[in-house]
Amino acid sequence: MRILVLNGGSSSLKATLRDHGQRAPLWEAHVEWGREPGKAQMKIGGGKAQTRTLDIESPRDVLAPVLATLPGTVDVVGHRVVHGGVAYRETTRITPEVKEGIRMYCEFAPEHNRLELEAIEEAERILGDAVPQIAVFDTAFHATIPEPAWVYPGPYEWLEQGIRRYGFHGISHQYVSQRAAEMAPCARLVSCHLGNGASLAAIRDGKSIDTTMGFTPLEGLMMGTRSGSVDPGILIYLVRHKGYGAAQLDRLLNRESGLKGISGISGDMREILAAIGRGEARARLAFDMYVHRLCREIGGMVASLGGLDALLFTAGIGENCPPLRTAVCRQLSFWNIRLDEALNARTPEDADIAAPGSAVRVLVVHTDEDWEIARECVRVLT
Ligand code: ADP
């Protein structure tokens, strides 16, 4: 079965073609837009990629040129859809009713669901009705979280309005937890997905029982440009005394906070590390806060699990930043977590980097959301 996986963000789209029996992609394309009005950069292929500039009126226009370069036919299209809300708690074949549901949840995740819906409609238009399309929701893995962990302690009416914890990065947490189970015994696992966005999942026997992101992907950890959790009283203060409106708060908390807001340099961890190397104090503070908040939240996840067998690092920072893993494991050394520093420094892919005497396994796992989406498509169709 040949599966086309579409994984889009607010300023990029990744498309890969997979054969379900084969892990390596048969073909891949990556398109980015937003830097120059009316233009998008399309890269086809892996290492020696071909690049092309596309003229676009809206992000909707990128899919046709991407699909024009597809080698051969497609049997199914798998879409990463960020928000499945209350209605979609598992991978679902796309029908007109499902599209309506995804449209409804645009209110909860405006940047994502709207673009994902456009990609679904474009794929339908280009490939026709004969090719089934499947939605794999980033919220679905967290459907197993128990009620006390997903209800917010606001008014009870919030529940009726769908205001509750959903959790995100579910496709990644699902993939890495399955990979972890192949690598080490880990009935009680804390998965740390640390990319530009960042979240933790407390996973017991392969099922999510708690997570740090909530109603939106803004809650929880400090991130690249997102604040993560802050006192909501700050927002009331800004509205009441500084004249802030929704759009300004949105920009402030989603784009001007986190590593970028504190360092004043960038939301990119590589640039933070470089600035620390130059002795810049605000970059140091940003890194130390990142570690502090990460450890605090890991503590919360471990309390939900009632103990810890394995701590897992994944995504851009989790997989590639040895100083971060060292700092976290040092802070948590009271649990008798011990790193093999030489292994940690080498940043191996899919490895246990704990020292032999460690009471907790420390795993580095390369996340592969697209492969997980492809597997979900096969599972639903067969
Ligand atoms: P996204 O959430 O957009 O998928 P990624 O998972 O690619 O993001 O993660 C991006 C983050 O990973 C950035 O902060 C980047 O600096 C960080 N990163 C990538 N490589 C390294 C590295 N070698 N050392 C430290 N951080 C890294």
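Scope of the values below: all heavy atoms of this structure, side chains included, with no hydrogens, waters or symmetry mates. Just follow the structure's listing: the first ligand is 1, and inside any ligand the first atom is 1.
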Hey, does [X] come in under 3.5 Å of ligand 1, counting only N/O atoms on both sides?
X      : answer
Asn320 : yes
Gly195 : no
Leu273 : no
Ile317 : yes

Q.
A cation-pi test, strictly: NZ or CZ of Arg164 under 6.0 Å from the centre of the six-membered ring of Tyr166 and no more than 45 degrees from its axis. Yes or no?
A.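 Geometry flag: set, cation within 6.0 Å and 45°.
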
Q: Return yes when at least one protein heavy atom is under 4.0 Å from atom 4 (O) of ligand 1, and no when none is.
A: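 No, there is no protein heavy atom closer to it than 4.0 Å.
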
Q | Residue Glu57 excluded, over 12 heavy atoms near CD under 6.0 Å | A | no

Q. Got a sec: does the OH of Tyr237 have more than 12 other heavy atoms crowding it under 6.0 Å?
A.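 No - once you tally the heavy atoms of other residues, nucleotides and ligands closer than 6.0 Å, there are 12 at most.
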
(Q) Checking His193 against Ser172 for the side chain to side chain donor-acceptor pair (under 3.5 Å) test, could you report, in this order, the C-alpha distance in whole Å, the side-chain angles of both residues, the deciding distance, and whether it holds? (A) CA-CA 8 Å; His193 177 109; Ser172 174; 2.8 Å; yes

Atom indices of ligand 1, in the order listed, that fall short of 4.0 Å to a heavy atom of [X]:
X      : result
Gly316 : 5 (P), 6 (O), 9 (O), 12 (O), 17 (C), 18 (N), 19 (C), 27 (C)
Gly197 : 2 (O)
Asp268 : 14 (O), 15 (C), 16 (O)

**Q.** Output field: ring centroids Phe108/Phe215 closer than 6.0 Å
**A.** yes

Q) Less than 6.0 Å separating the ring centroids of Phe168 and His83? A) yes

Q) Can you tell me if Gly224 has a non-hydrogen atom under 4.0 Å from ligand 1? A)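 Under 4.0 Å: no for Gly224.
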
Q. Is a side-chain donor or acceptor of Tyr244 paired with a backbone partner of Arg240 at a separation under 3.5 angstrom?
A. no

